[in-house]
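Presented below is the structure to which this report refers.
Not measured: the values here are computed from a predicted model. Sequential numbering from 1 along the given sequence is applied to the chain's residues.
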Amino acid sequence: MAHTPDSKAVSEAITTDVAVIGGGIVGLGIAWEAQRSGRNVTVIDPSPATGATFAAAGMLAPVSELHYQEEGLLELTLASAARWPEFVAPLVAAGHADTGFRTTPTLVLGADAADRAALADLREVQLAHGLDVEQLGIRQARAAEPLVGPHISCAYRIAQDHQVDPRGVATAIRVQLNVVAAERGRLREEQTSIRRNAVALLHQDPQDSRSRVTGVRLEDGREVHAGEVVVANGLGAPLLQGLPEGLELPVRPVYGDILRLRVPAHLQPLATATIRGLVRGLPVYLVPRNDNTVVIGATSREDGSAAVSAGGVHQLLRDAQVLVPAVAELELLETTARARPGTPDNAPLLGRVADGAGRDIPGLIIATGFFRHGVLLTAIAAHTVRQLLGDITDLAWERFRPDRFSPALRPSGPTPQETP
């Protein structure tokens, strides 16, 4: 049942066009795209960009991220990767040169014979989907990246897979949201970015959680009244009060350990392109940054522990050194662990929610469950939400609706891994 606001909360209410719950890169991207469409935007998050966004390596890699039995995601990831240059360009034009967007290719390496066989099998799947994966000789790979180890078993170059710095992009968007709001004279900074938890959705009919969503109640009792509310707070989404009755948002925490290291002057650049690989069947990647640091990641575990795993750190350093032995000479700056919101089919929960009677609930959009693709899918999530705000539904992405696991709200349809 929706919460009935008290008079004090109403008197202190903030009014906005779009309230975005969640200040990770997906929520920020959605807010920025909504603001660029001329709408007044408020982002609600007690600690913006400190969750999975803070840890993410930022690979825009639809080709090398293709996984078996997840081919249904490929169309979405390719569409988002294609949108990233347009998405990031206005930030760079506004003076934010630290987005870390690079169009350098990705180099994929295998360590031993089993890794070579596994990557060759994956390449067949990639080629079958029309993806460009160029096989290189070992000498070619080492000519492109001289610090690659001499004993790798295979190499592929993927020209389509690029990278971005999620921390840099998040910072740039947060600055721009405040700058544009101030220029328009519509909202003060403390209203554009509210550092509080959202605890509940507000409804037009407080007794009906499937009625129009009209805003958000904050943990301090204040209200944000909005024409549209976007729920983009990752693992926190199912915890909101006032979600439509019958809506199931089955997100689970998938933890990953990730490392940041500084490259000493005599090894710069450690690499010019992202290096991914398999080492004894385990994936590892090295992503170079513009500030002469490198990101190495990432483990994947569902043990419920938010702490950095010593075993995970050991594994990453060990395997990264197999591909690039000079990793042993780098300075370890940071070890981080964060949870990514996974779903049963590893596909996002993106779109509007049905009311059980064949209509979508007005005023509510869900954008969560992006799992390991959060940064990559930010551009298409922002574009899709902008379309929904304008009452445009792209039927290509209807299979990712957030209510697809909610039989009480809509008939079961094809999952993202099935042909719609």
Side-chain angles (χ1 to χ4, degrees), residues 20 22-36 41 43 45 47-61 80-106 161-183 189 192-193 195 232 258-265 267-275 285-298 330-336 338 370 373-383:
V20 180
I25 194 167
V26 172
L28 290 171
I30 288 169
W32 187 56
E33 191 74 11
Q35 188 187 67
R36 292 179 66 210
V41 176
V43 177
D45 192 309
S47 304
T50 59
T53 298
F54 183 78
M59 293 177 293
L60 308 178
S80 195
R83 286 197 166 273
W84 258 99
E86 176 187 352
F87 180 79
V88 80
L91 294 173
V92 176
H96 301 284
D98 55 353
T99 62
F101 180 66
R102 294 188 184 186
T103 57
T104 50
T106 290
D161 284 0
H162 304 145
Q163 69 174 81
V164 73
D165 182 351
R167 294 182 184 181
V169 172
T171 297
I173 291 176
R174 290 175 60 202
V175 170
Q176 283 305 110
L177 287 173
N178 290 326
V179 167
V180 173
E183 290 174 348
E189 180 175 345
T192 304
S193 177
R195 298 293 191 92
I258 197 162
L259 318 176
R260 280 172 170 77
L261 304 94
R262 178 176 289 116
V263 182
L267 290 176
Q268 296 175 7
L270 184 77
T272 60
T274 296
I275 296 175
Y285 56 72
L286 300 89
V287 183
R289 291 279 192 254
N290 294 336
D291 61 357
N292 291 314
T293 62
V294 63
V295 179
I296 297 179
L330 307 188
E331 176 190 354
L332 181 59
L333 297 177
E334 181 183 306
T335 60
T336 308
R338 290 292 188 275
F370 289 87
H373 302 297
V375 177
L376 169 58
L377 291 179
T378 291
I380 194 67
H383 176 72

Review point. Partners of R260 by side chain to side chain donor-acceptor pair (under 3.5 Å), sequence neighbours excluded?
Key: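 Once residues adjacent in sequence are excluded, R260 has no partner under the side chain to side chain donor-acceptor pair (under 3.5 Å) criterion.
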Check your understanding: Partners of D161 by side chain to side chain donor-acceptor pair (under 3.5 Å), sequence neighbours excluded?
Key -> S64
Pairwise side-chain contact, [X] with [Y], heavy-atom cut-off 4.5 Å (strictly under):
X	Y	value
L60	F101	yes
R102	N290	yes
L261	L333	no
T106	M59	no

Rounded to the nearest 0.5 Å, what's the gap from [atom1] on [X] to [atom2] on [Y]? Could you check?
X	Y	atom1	atom2	value
Q176	T192	CD	OG1	12.5 Å
T293	L270	OG1	CG	10.5 Å
I173	I25	CD1	CD1	6.0 Å
D45	T50	CG	OG1	6.5 Å
I296	T335	CD1	OG1	12.5 Å

Taking distance alone, no hydrogens or angles, what donor-acceptor pairs closer than 3.5 Å link side-chain atoms of residues 83-91 to residues at least two apart or in another chain?
residue	atom	partner	partner atom	Å
R83	NH2	H383	NE2	3.1
W84	NE1	V375	O	3.2
W84	NE1	L376	O	3.1

Taking [Y]'s backbone N and O only, do any of them form a donor-acceptor pair with [X]'s side chain (distance below 3.5 Å, no angle check)?
X	Y	answer
T53	G24	no
Q268	V263	yes
Q35	L177	yes
D165	G100	no

Where [X] and [Y] come nearest, the two heavy atoms and their spacing:
X	Y	answer
V164	T99	CG2-O, 3.2 Å
R338	A55	CG-CB, 3.5 Å
A382	G29	CB-O, 3.4 Å
P288	Q163	O-NE2, 2.8 Å
A273	P105	CB-O, 3.0 Å
G23	V43	CA-CG1, 3.9 Å

Practice item. Please test I258 against Y285 for side-chain contact (heavy atoms from CB on, under 4.5 Å), starting from the C-alpha separation and ending with a verdict. Key: CA-CA 10 Å; I258 197 162; Y285 56 72; 3.6 Å; yes
Practice item. Check step by step if side-chain contact (heavy atoms from CB on, under 4.5 Å) holds for T336 and F54. Key: CA-CA 9 Å; T336 308; F54 183 78; 4.2 Å; yes
Check your understanding: For R167 and E334, what are the C-alpha separation, side-chain angles and deciding distance, and is it a salt bridge (Lys or Arg N to Asp or Glu O under 4.0 Å)?
Key -> CA-CA 14 Å; R167 294 182 184 181; E334 181 183 306; 2.5 Å; yes
